[in-house]
Amino acid sequence: MANIKVTLPDGTSKEFPQGVTAREVAQSIGPGLAKAALAAKVDDRLVDLAAPIESSGALQLITPTSDEGLTIYRHSSAHLLAAAVLDLFPDAHPGIGPPTDTGFFYDFYREKPFTEDDLAKIEAKMQELAQADLPYERVYFPKEEGLKLFEQMGEFLKCELIEEKAEPVFSAYRTGKFLDFCRGPHIPSSGRIKAFKLLSVAGAHWKGDEKSHPMQRIYGTAFFSKKELDEYLNQLEEAKKRDHRRLGKELDLFSIQDEAGPGLIFWHPKGGIIRKEVEDFLRDELLRQGYQLVYTPHVARLDLWKTSGHLGFYRENMFAPIQLDDAEYQLKPMNCPFHILIYKDARRSYRELPVRLAEFGTVYRYERSGVMHGLLRVRGFTQDDAHIFATPETVEAEVAACVDFALLVLRTFGFDKFEVELSTWDPEDRAKYSGEPELWELAERTLESALKTRNMPYKRISGEAAFYGPKIDIKLVDALGRLWQLSTVQFDFFLPQRFGLEYVGADGHPHQPIMVHRALLGSVERFFGVLIEHYAGAFPVWLSPVQAIVLPISEKYVDYAWKVTEELREAKIRVQLDDRNEKLNARIRDAQLQRIPFMLVVGEREMNAEGVALRRRDTGDAGFRSVGEFKTWVRELIDTRANKW
RNA sequence: GCUGGCGUAGCUCAGCUGGUAGAGCAUCUGAUUUGUAAUCAGAGGGUCGGGGGUUCGAAUCCCUUCGCCAGCUCCA
């Protein structure tokens, strides 16, 4: 038999007989590696350890340290799940079961729903099967023969997949009683699966098509070690504790009222003060950066939305029109047409461009009933919206300035990790978009160039553009490492054209301006939700609804406590006095639960020395401060919008 | 919108197979005068999400409707 040459990642190469397996190669390098290896990569193709290698090439062993290793491991865990389910519930029919970013799932068709108890049983069965160390056996079938086999087994969903996707000879994997049509690769045997947990069962649809069979999806996660699994589970717990819906209630920030309707937000006083601070900050910054503030109505004639093209491209997201007198009126889903009308209300010269119109514009969008989610997905929300009308010469600089502005704003709120996406159109699906292909390409180039000149890394995503133009989206990474899409900068040739916008150029002739739509926070509601979760309700001082609370030790010191309260209030510090007839400990506890940054305990000593005993919500007792000293310090924290102190 | 689960006092929740609603916290009143995460006692508070049905009798069973939750699908 001929020898082949296998090149390893470190550049060395070795000769092996043809048909050698990756496992054998690993063993020749070292028993440790052979034991750790899960799969292999031969010339960029992932294969099982047991797969024979037929020709010379590069070989890389996939071990638990790589993302690919984890993905394969989780995919194999999904198979283990299916094997356990089929063992316990012969009436379940497996659909698909892929790995995901955080674990894996498997979809089943079954008449009866799985219950929480079932989940525990399935997990125990998985444990048992893992201990049995079942091999993941790769088998091949000619398509027709394989189809017949799956048909006999009654696996109609698998048959459907085989019909659609299978090669003339396809591979399948057997794990215990479970046989799955699958490309692989898989780990060698189930005994490798050490740490996993089933998390939830939820509905899904066969092939994601809501008209198709309802499926039951079992979610789980798997890690190489118990420690990593526990860390992940802890993180889920932490996320639950930070849930903005829960904190919104606990901290009395906002509510959603059954009587008013889903997806409509009520900002309570404490949420309201935070919103005011956010808006004040933004308004100051907008003015500094040459924006002009405008206000526009919430409804307008339906005809306006015909002109703008929204009726054509955005209808399913809009509230139904309102019949009024002899015309129909539309609740606005976007602010752009209104800002356009303001632009159009005067003859514009190139000298006054770019015109930057900004508004906290409240819009209403129809969302399907099952998709609303706290503050993050609602039917009525306020965008920190702006539209920039620019000449072709200045538009790129405007786009770049928007990106800088967004980063400045997000950093102020303590976010420092971002991911940038350039969303472009899908030229294959032209019906979704409006405008000429040349304009789309020019727009994309402009956005791309703005990012490149800033050395900003970004991902390009096709088919994600708005109907009127491509866009740059900035996603931020929060304290728990989760990704949120907030800022967006969108390019638009289309609306200026639809509305016949003009400016008079240096040549005395009319020209068409280019429009940039941009939102930095995205929506004030969603941003608030993200902020709550990011800070876990413990807002920085400048945003805290109550910045300090004065706690007199007993009735005797209430007068002095009032004096301190008044003095701080004079300095525009949001301060409260808690003179309830409760033990100091009880009042401290309440203040802690409300995440009030500073507690000021006052008693005999403090009164005599004209100061306070400071307690911080994060580190506890911080000793004596004079009132003046405290006041100056806090004022500075507020004025600099400090995130740490 | 679809699949599954859920809806009991302001909040968190208990209430077994139908017999007429309960706890803790919060609120109010009184006592206590407090030194860094819950002082004690008493009181008030619910048409059991809404509507309809089965039954002698429904928080409990059935139908319907609204809402919430986990997903699917779609988005700031």
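Just so it is clear, the model here is predicted, and its values are computed rather than measured. Throughout, a chain's letter reflects where its sequence line sits, starting with A, and its residues are numbered from 1.
When both distances must be under 3.5 Å, the Watson-Crick or G-U wobble mate of B/C2 is B/G71. Nucleotide B/C48 is matched to nothing when pairs are restricted to Watson-Crick or G-U wobble geometry with both distances under 3.5 angstrom. Checking B/C56 for Watson-Crick or G-U wobble geometry (two distances, each under 3.5 Å) identifies B/G19 as its partner. Under the Watson-Crick or G-U wobble criterion, with both distances below 3.5 Å, B/C25 is paired with B/G10.
Remark: A/Asp91 pairs with A/Arg110 by the salt bridge (charged side-chain N to carboxylate O under 4.0 Å, His left out) rule, at least two apart or across chains. For A/Phe405, the ring-ring contact (aromatic ring centres under 6.0 Å, His included) partners at least two apart in sequence or on another chain are A/Tyr291. When the side-chain hydrogen bond (donor to acceptor under 3.5 Å, both in side chains) test is applied to A/Trp484, the partners found at least two apart in sequence or on another chain are A/Asp478.
Listed by first then second residue, pairs satisfying salt bridge (Lys or Arg N to Asp or Glu O under 4.0 Å) with a partner in residues 547-556 of chain A number zero, not counting sequence neighbours. Applying the salt bridge (Lys or Arg N to Asp or Glu O under 4.0 Å) definition to pairs two or more places apart or across chains, none involves residues 256-266 of chain A. Contacts classified as salt bridge (Lys or Arg N to Asp or Glu O under 4.0 Å) and involving residues 517-527 of chain A (residues at least two apart or in different chains) are given here: A/Arg275-A/Glu525.
Put simply, NE2 on A/His339 and CD1 on A/Ile388 are 12.0 Å apart, with the number rounded to the nearest 0.5 Å. The line from CG of A/Leu264 to OH of A/Tyr364 is 7.0 Å long, rounded to the nearest 0.5 Å.
Comparing B/G24 with B/G45, their C1' atoms are spaced 15 Å from each other, to the whole Å. With both ends at atom C1', the span from B/U64 to B/G22 equals 30 Å, rounded to whole Å. Going from the C1' atom of B/G49 to that of B/G67 covers 7 Å, rounded to whole Å. Nucleotides B/A23 and B/G44 have their P atoms positioned 12 Å apart, rounded to a whole Å. B/U12 and B/G46 have their C1' atoms separated by 16 Å, given to the nearest Å. With P as the reference atom, B/G51 and B/A38 are 44 Å apart, rounded to whole Å. A distance of about 11 Å separates the C1' atoms of B/A21 and B/A9, rounded to the whole Å. Using C1' as the reference atom, B/U60 and B/U17 are 10 Å apart when rounded to the nearest Å.
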Atom pairs, N/O to N/O, protein against nucleotides 74-76 of chain B, distance under 3.5 Å?
| residue | atom | partner | partner atom | Å |
| --- | --- | --- | --- | --- |
| B/C74 | O2 | A/Arg377 | NH1 | 3.2 |
| B/C74 | O2 | A/Arg377 | NH2 | 2.3 |
| B/C74 | N3 | A/Arg377 | NH1 | 3.2 |
| B/C75 | O2 | A/Arg377 | NE | 3.4 |
| B/C75 | O2 | A/Arg526 | NH2 | 3.4 |
| B/A76 | OP1 | A/Lys471 | NZ | 3.2 |
| B/A76 | O3' | A/Gln485 | OE1 | 3.2 |
| B/A76 | O3' | A/Gln485 | NE2 | 3.4 |
| B/A76 | N6 | A/Glu367 | OE2 | 2.8 |
| B/A76 | N6 | A/Val378 | N | 3.4 |
| B/A76 | N6 | A/Val378 | O | 2.9 |
| B/A76 | N1 | A/Val378 | N | 3.2 |

Please produce a list of atom pairs where a protein N or O lies less than 3.5 Å from an N or O of nucleotides 37-46 of chain B.
| residue | atom | partner | partner atom | Å |
| --- | --- | --- | --- | --- |
| B/A37 | N7 | A/Arg615 | NH2 | 3.3 |
| B/A37 | N6 | A/Gln592 | NE2 | 3.1 |
| B/A38 | N7 | A/Arg589 | NE | 2.8 |
| B/A38 | N7 | A/Arg589 | NH2 | 3.1 |
| B/A38 | N6 | A/Arg589 | NH2 | 2.4 |
| B/A38 | N1 | A/Arg589 | NH1 | 3.4 |
| B/U39 | O4 | A/Asn581 | O | 3.4 |

What does the list of N/O pairs under 3.5 Å between the protein and nucleotides 3-5 of chain B look like, with a distance for each?
| residue | atom | partner | partner atom | Å |
| --- | --- | --- | --- | --- |
| B/U3 | O2 | A/Gly203 | N | 3.2 |

Under 3.5 Å donor-acceptor pairs involving side-chain atoms of residues 606-614 of chain A, not counting sequence neighbours:
| residue | atom | partner | partner atom | Å |
| --- | --- | --- | --- | --- |
| A/Glu606 | OE1 | A/Gly603 | N | 2.9 |
| A/Asn608 | ND2 | A/Glu604 | O | 3.3 |

What side-chain donor-acceptor pairs closer than 3.5 Å can you find for residues 369-378 of chain A, not counting sequence neighbours?
| residue | atom | partner | partner atom | Å |
| --- | --- | --- | --- | --- |
| A/Arg377 | NE | A/Glu367 | OE1 | 3.3 |
| A/Arg377 | NE | A/Glu367 | OE2 | 3.3 |
| A/Arg377 | NH2 | A/Glu367 | OE1 | 2.7 |

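When only modelled atom types and interatomic distance are considered, A/Trp206 and A/Glu160 share a side-chain donor-acceptor pair under 3.5 Å. For the residue pair A/Arg242 / A/Tyr535, no side-chain donor-acceptor distance below 3.5 Å is found, with atom types taken as modelled.
Rounded to a whole Å, the OH atom of A/Tyr106 is 18 Å from the P atom of B/C72. Rounded to whole angstrom, the span from the CG atom of A/Leu119 across to the C1' atom of B/G71 amounts to 14 Å.
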Apply side chain to side chain donor-acceptor pair (under 3.5 Å) to A/Thr362 and A/Thr382, showing your working. CA-CA 4 Å; A/Thr362 302; A/Thr382 302; 2.9 Å; yes
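One finds no salt bridge joining A/Lys276 and A/Glu279 here, because no Lys/Arg side-chain nitrogen approaches an Asp/Glu carboxylate oxygen to under 4.0 Å.
Ring centroids of A/Phe528 and A/Trp267 are separated by less than 6.0 Å, placing the two rings close together.
Within the nucleic acid shown, A/His373 comes within 4.0 Å of sugar-phosphate atoms alone, with no base atom in reach, counting heavy atoms only.
Put simply, the side chain of A/Glu606 and the base of B/G35 share a donor and an acceptor less than 3.5 Å apart.
The shortest distance between the side-chain N/O atoms of A/Ser369 and the OP1/OP2 oxygens of B/G1 is below 4.0 Å.
Mapping A/Gly370 and A/Ala613 onto RNA chain B via the closest heavy atom, the residue that lands nearer the 5' end is A/Gly370.
Of all the residues in residues 236-258 of chain A, A/Arg245, A/Lys249, A/Asp258 reach under 4.0 Å from RNA chain B with at least one non-hydrogen atom.
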